Amino acid sequence: MNDQSITYREALKTAISEAMRSDERVFLMGEDVGNYGGCYAVSKGLSDEFGADRVIDTPLSESGFVGAGIGAAMGGMRPIVEVMTVNFSLLALDQIVNNAATLRHMSGNQIGIPLVIRMATGAGKQLAAQHSHSLENWYAHVPGIKVLVPSTVADARYMLAMALADPDPVILFEHVMLYNESAAIPAPKDCPDMHQAVVRKSGNDISLITYGGSLSKTLEAAKELDSHGISAEVIDLRCLRPLDTHTLYQSVEKTHRVLVVDEGWRTGSLAAEICALIAEDCFWSLDAPPSRICSKEVPIPYPQHLERAATPQVAQVVEAAMKLLNREVPA
Amino acid sequence: MNDQSITYREALKTAISEAMRSDERVFLMGEDVGNYGGCYAVSKGLSDEFGADRVIDTPLSESGFVGAGIGAAMGGMRPIVEVMTVNFSLLALDQIVNNAATLRHMSGNQIGIPLVIRMATGAGKQLAAQHSHSLENWYAHVPGIKVLVPSTVADARYMLAMALADPDPVILFEHVMLYNESAAIPAPKDCPDMHQAVVRKSGNDISLITYGGSLSKTLEAAKELDSHGISAEVIDLRCLRPLDTHTLYQSVEKTHRVLVVDEGWRTGSLAAEICALIAEDCFWSLDAPPSRICSKEVPIPYPQHLERAATPQVAQVVEAAMKLLNREVPA
Amino acid sequence: MNTDNNKVHMDIAHLKLLFKKMLRIRRFEEKCAELYTQEKIRGFLHLYIGEEAVAVGVMQALSTNDAVFATYREHGHALARGLSMNKVMAEMFGKVTGSSRGRGGSMHIFDVEKRFYGGNAIVAGALPLAVGLALANKMQKKQDVVVCFFGEGAVAEGEFHESLNLAQLWQLPILFVCENNGYAMGTALAISESEQHIFRKAQSYGLKAQAVDGMNVVEVESAATQYCISIKNGDGPCLLECNTYRFRGHSMFDTQLYRESEEIEEWKSKGPIIKLRRWLEANGKLDPAELKTIEDQVEDEINQSVEFAQSSEVENVSDLCFGVYAESKN
Amino acid sequence: MNTDNNKVHMDIAHLKLLFKKMLRIRRFEEKCAELYTQEKIRGFLHLYIGEEAVAVGVMQALSTNDAVFATYREHGHALARGLSMNKVMAEMFGKVTGSSRGRGGSMHIFDVEKRFYGGNAIVAGALPLAVGLALANKMQKKQDVVVCFFGEGAVAEGEFHESLNLAQLWQLPILFVCENNGYAMGTALAISESEQHIFRKAQSYGLKAQAVDGMNVVEVESAATQYCISIKNGDGPCLLECNTYRFRGHSMFDTQLYRESEEIEEWKSKGPIIKLRRWLEANGKLDPAELKTIEDQVEDEINQSVEFAQSSEVENVSDLCFGVYAESKN
Ligand SMILES: Cc1ncc(C[n+]2csc(CCOP(=O)(O)OP(=O)(O)O)c2C)c(N)n1
Ligand SMILES: Cc1ncc(C[n+]2csc(CCOP(=O)(O)OP(=O)(O)O)c2C)c(N)n1
Ligand SMILES: [Mg+2]
Ligand SMILES: [Mg+2]
């Protein structure tokens, strides 16, 4: 390991090629992963190294090739299936929910599906209402699958290997605004287990809980809160299913206040689950209502000012946190 | 109106035929709605009255015919599309989320989709992991659609007409255990607006909030709680999107305790949303943590004893409510 | 059955074996129907009665390492594939000794040792899985065939289209078997397909495909055998359309308003078991005594399986979440 | 264009009209590309450059009440259908004066008055909608045609299969137009379809179908016209495969590693606009002055539309949730 910076995109690519080099059962499959290099350029160049048989360009058939990924995992392979975005994954949801998530249980534990499905998620690129949504919470609802969200370059670098080592289907979400982020990479041993939430900044006054594309905004908000004399703890969930409630509860027991930042639509969001858990299990520790900043309940619109207004922003997080601490919000 | 009892199934059928008689734009479409009479026999006989052109048997093509329902609504019709169960609706989810829910907004309010989609939901018939799930919460998450759950025969009788009168897409969930339930039907004016939650039993000590197939269990639990000297209020949500928070909050302000009963899997359930809302907005009124009884996080298994263990049962509700009131739970 | 120069030779012993295999499924299912009315078997029960020649004929063509995917109407396939009847019956009862520990019931019979991959209750839901398993075989340079059974109703689903295209595009070792029984629940084929010859649809993707008399077990076996040879040869996927009929309702709930009883009776007279029995009898190859022996053997096995299922335990409630994840409590 | 005995007569004036319509789209899109690099237009921008003959030819065949569904590559279709260029350009800018009040952007242009139903960015997502609108027309005994454009990449999706089957089964008044430009993003047709003649796939459902030279606007127009007549006649759905090519990348992000520049150049030399211009010039029907006039008119309109879009307002942030539901604040 050296400490040169690489991008989130490169981190993913490195992780994929490393996995493919070290285990010949691993292959990558999806729309335009080969000749085009991936719609977000994650797999650019991989087909040169591994050939079209292991970097498989599929037709536009989300249900078909995701199902084929499940079948290939049943057949002893370790597929990485890329679905371009979570929006299109709806076309494959039957295969994921009714097959990938159920086969082990339904067969009395005879069948395992060691499959990784990667997909982009989130807004910020002005791609409007059919390309910008965040449905990680839906996947987090389903028993039988696991859901990971690498929100740092380091996690992008190391989580894939952990996902591939898991005997069950893992869905990995990559927020579209992260691909160009860059950072130096720590040693592998410094990457926490995929099931663990991580305290990205510690603090005492309030717990800001978030994941994915909202992490950097939340950290920025925490910094601003610092300047107002508020010490915010920032927790990155990392794994949305199963949830690492231990880390969350520990933080809330310390800070007594919680604000969840989540790019999903508010009603029925993952943030709702976090708030409900904390309300249920940490009720007597709370000094203020568990609160959340989510996306507005609107299909994400195209224009930049509306897209911004629809999704969580730093100022909102700061304001909400200050309110929870009964501090006057600066104008 | 007379006060003869009819079944939930008959109530739905009456509502459908009434709508078709009074508005020639209304038609019914779905798998086996015609010749077979509907997989849960809701539409038995309707094709005799209205013919195969208005009671359309579709091929097994959930995405195709749900999308066609959306298109027909755009074209001036008032389709009622039946999807046999919510489990199969995953195949049509892209059409519902990416088209039905977005077209109005995405087109700048030019396009309306006055469409009703009916589907069965829930467990209880030992149909195992691909036929027993409850995903109402997923639909309740999506801006642009509305979600109704008639949990009484009266609502089955009257909610469909309200849904058809709505200018936007409405999803209507019918719990499989309700079809054989029977009751007398009130006059139409006595049926509250579809957007309203309803207090099914009033009480002072705790609010039991539920919907759909769990209503009767919750009412039974409330009765049992009565016998223990606990006065439970039972609220039937009826409309899962938009949520009638007013009615919920009013109840909680009175009882100070809340238990949500929801057949969905716990993590990311609709119950989580209700708990989060109440924790957030009624925090200072609460005398106990907002709590929930949901399904266990397992694909519903076939054997009766496991299916029961997986889904909310009366005894659990009673026990949880007593605990929230710090009453000793009778052995 | 022996194959020689791609031609199938049937001898009388083999025909009797086929007869017994079909009868075994028939009687098993009749017993299941009875047990269903006694509420020993619950949930949905989809009987295969009338279609036995398809499962039996196709399974004959397979080797141990070949894999099978089926539908919710799969007890026949499970038995024909060689699953123990005890395990299958116990599964119908929801007992822990069942092939899926009772978790699946009649629609989800699995036995990975027999490479029997279920038991799928989403119409057309298994097709992409089968394509994927065939892809895994190909990537691992295995010669094994994957067989995927589905009804003609499944053909209208997008998954059929996507799967056939992928299979042909990637030249996968897979045999699609369409059990065309004319109805999807109450929907006749003419109501669901603009092109009603399923094999022609398959040909439009470039697959080798043909229709056979699904009531003739010999015809099914020999067509399936030819195709499996071709597939193992690396010549790409095939589709076999087996024209057949279900003598009972779609499931035990079906009141069958959508078809005439004359139609059912006509098909019954062409049934796979009676057809083969009559042929054997007419040629003096099956005397009443031998028939009785076969019937008795089958009955014994079935009774034992019922006994086994009845006396088996159910899973502990405390193990409810077993098998949701690999690490779940065993 | 006049049709007489189902034969299409083209006069020079008509050819010039077609030429101008195509040029208008070409120049509009070139301007859009420029505006994109200036970050006036954001999000994805999929240029139609090279494929203009398809939209222009097909739209000629339609009447006012016919309806159109298109893809995310639909500016050309919108203009050819008669939407005001101002509205389309303003939409690209995300302005409230845009055809979708700026909510949709380049991928979601709608104009219900023109019966232009978008603008769909889910590949194959519009096919079921178009089938549904055609069903509504049929149920209401309207003779109007619904046209649905999609790329050859969409053909692999299950929605293509389900939609063609429904359309043919129900004999709906719908014209499917496949814009076969050889690539779905970077995926060449040979990598995505086992049967690469899309019209043959359509024939396998029983649809009337043919392939035409999508670079020849006259051929497109006359084939579309014949089909629309047949459809209005009640003779069921049709599919027209238009073989064409996009001269630019899939979107503005595309580095086009998947094809050779020689291939692009070769197709460019067969482009729909240059082809028609050369023919007109060779036959002495288009002199430089007239060409200049046309270019100038087009340029003026485009400049005006940019001016209009630039000077238009954006939606108020307080109206963010407008149009989520009918009753949302206006
Ligand atoms: C995706 C999906 N849609 C609907 C159903 C309900 N359903 C179960 S079986 C069936 C008919 C299937 O017919 P076919 O494929 O011909 O098989 P058969 O039952 O005749 O063997 C239907 C509609 C389902 N299980 N899955
Ligand atoms: C369901 C779905 N999958 C993937 C995408 C991403 N995507 C957008 S356009 C495209 C290629 C489509 O190709 P084609 O249908 O040939 O149309 P063309 O772009 O060539 O006009 C892809 C893969 C999408 N928008 N929708
Ligand atoms: Mg059938
Ligand atoms: Mg294309």
Side-chain angles (χ1 to χ4, degrees), chain B residues 30-41 43-45 47-48 52 56-65 67 84-85 87-92 94-95 123-132 176 179 265 295-311 313, chain C residues 41-44 72 91-96 98 100-108 119-125 151-160 183-189 191-194 250-251 253-259 314-324 328:
Chain B
E31 290 159 14
D32 290 302
V33 295
N35 295 327
Y36 193 91
C39 64
Y40 286 102
S43 51
K44 210 160 179 169
S47 70
D48 294 337
I56 304 178
D57 274 332
T58 66
L60 277 143
S61 304
E62 284 80 2
S63 188
F65 71 77
M84 286 187 172
T85 86
N87 307 274
F88 316 150
S89 78
L90 299 184
L91 290 163
D94 164 62
Q95 288 296 323
K125 295 193 166 288
Q126 291 189 243
L127 303 181
Q130 293 180 331
H131 276 68
S132 303
V176 290
Y179 289 117
W265 291 308
S295 280
K296 299 295 181 304
E297 312 240 337
V298 57
I300 306 285
Y302 161 66
Q304 193 170 48
H305 67 299
L306 294 183
E307 186 183 48
R308 285 209 179 128
T311 49
Q313 301 300 336
Chain C
I41 298 174
R42 309 294 301 265
F44 283 151
Y72 43 85
E91 189 59 36
M92 313 285 265
F93 275 65
K95 298 299 180 76
V96 72
S100 305
R101 298 179 65 102
R103 306 260 161 176
S106 100
M107 302 197 285
H108 304 298
N120 201 304
I122 301 296
V123 172
E152 88 297 335
V155 171
E157 294 280 10
E159 280 64 26
F160 170 86
Y183 293 91
M185 288 188 62
T187 302
L189 183 51
I191 295 173
S192 73
E193 287 295 334
S194 63
H250 168 72
S251 73
F253 292 117
D254 185 356
T255 47
Q256 302 192 61
L257 301 169
Y258 51 85
R259 59 183 187 182
V314 295
E315 185 100 79
N316 282 331
V317 170
S318 59
D319 285 333
L320 172 64
C321 292
F322 166 73
V324 178
S328 301

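Below, chain A is the first sequence line, B the second, and so on; all start at residue 1. From a predicted model like this one, the values you see are computed outputs, not experimental measurements.
Neither the backbone nor the side chain of C:S100 comes within less than 4.5 Å of any heavy atom in chain B. Contacts between C:E159 and chain B at a heavy-atom distance below 4.5 Å involve the side chain alone, from C-beta outward. Of the atoms belonging to B:L90, not a single heavy atom falls under 4.5 Å from chain C. Only the side chain of B:Q304 comes within less than 4.5 Å of a heavy atom of chain C; its backbone N, CA, C and O stay farther away. With a threshold of 4.5 angstrom between heavy atoms, C:A154 approaches chain B through N, CA, C or O but not through any side-chain atom. Looking at B:K296, the atoms closer than 4.5 Å to chain C (heavy atoms on both sides) all sit in the side chain, from C-beta outward.
B:Y302 places no side-chain N or O within donor-acceptor distance of the main-chain N or O of C:F93, the cut-off being under 3.5 Å. Judged by distance alone, with hydrogens and angles left aside, the side-chain atoms of C:Y258 form no donor-acceptor pair with the main-chain N or O of B:G37 at under 3.5 Å. A donor-acceptor pair is defined here as one N or O able to donate and one able to accept, closer than 3.5 Å; such a pair exists between the side chain of B:Q130 and the backbone of C:A121. No donor-acceptor pair closer than 3.5 Å links the side chain of B:H305 to the backbone N or O of C:N316.
Within the 4.5 Å cutoff, the side chain of B:P59 has no heavy atoms near those of the C:T187 side chain. With contacts defined as side-chain heavy-atom distances shorter than 4.5 Å, the pair C:V317/B:R308 does not qualify. Looking at heavy atoms from C-beta onward, C:V314 lies out of side-chain contact with B:P303 at the 4.5 angstrom threshold.
None of B:D32, B:D57, B:L60 except one satisfies the side-chain contact (heavy atoms from CB on, under 4.5 Å) rule with C:M185; the exception is B:D32.
The shortest non-hydrogen separation linking B:K44 to C:T255 is NZ-OG1, 3.7 Å. Closest non-hydrogen pair, B:H131 versus C:F44, comes out as CD2-CE1, 3.8 Å. Scanning both residues, B:P299 and C:V324, for their nearest heavy atoms gives CD-CG2, 4.0 Å. Across B:E297 and C:C321, no two heavy atoms sit closer than the pair O-SG, 4.2 Å.
Each of C:G158, C:G153, C:G125 has some count of heavy-atom pairs under 4.5 Å with chain B, and the biggest count is that of C:G153. Counting heavy-atom pairs under 4.5 Å between each of C:E193, C:K95, C:E91, C:H108 and chain B puts C:H108 at the top. If you tally non-hydrogen atom pairs under 4.5 Å between each of B:E62, B:K125, B:E31 and chain C, the highest count goes to B:E62.
Separating the SG atom in B:C39 from the CG atom in C:D254 is a distance of 11.5 Å, to the nearest 0.5 Å. Note that OG1 of B:T85 and CD1 of C:I122 are 6.5 Å apart. Values are rounded to the nearest 0.5 Å. In this structure, CG on B:N35 lies 12.5 Å from CZ on C:R259, to the nearest 0.5 angstrom. Taking OG of B:S61 as the reference point, atom CZ of C:F160 lies at 11.5 Å (rounded to 0.5 Å).
Using cut-offs of 30° and 60° on the angle between ring planes, the pair B:Y36 and C:H250 is perpendicular.
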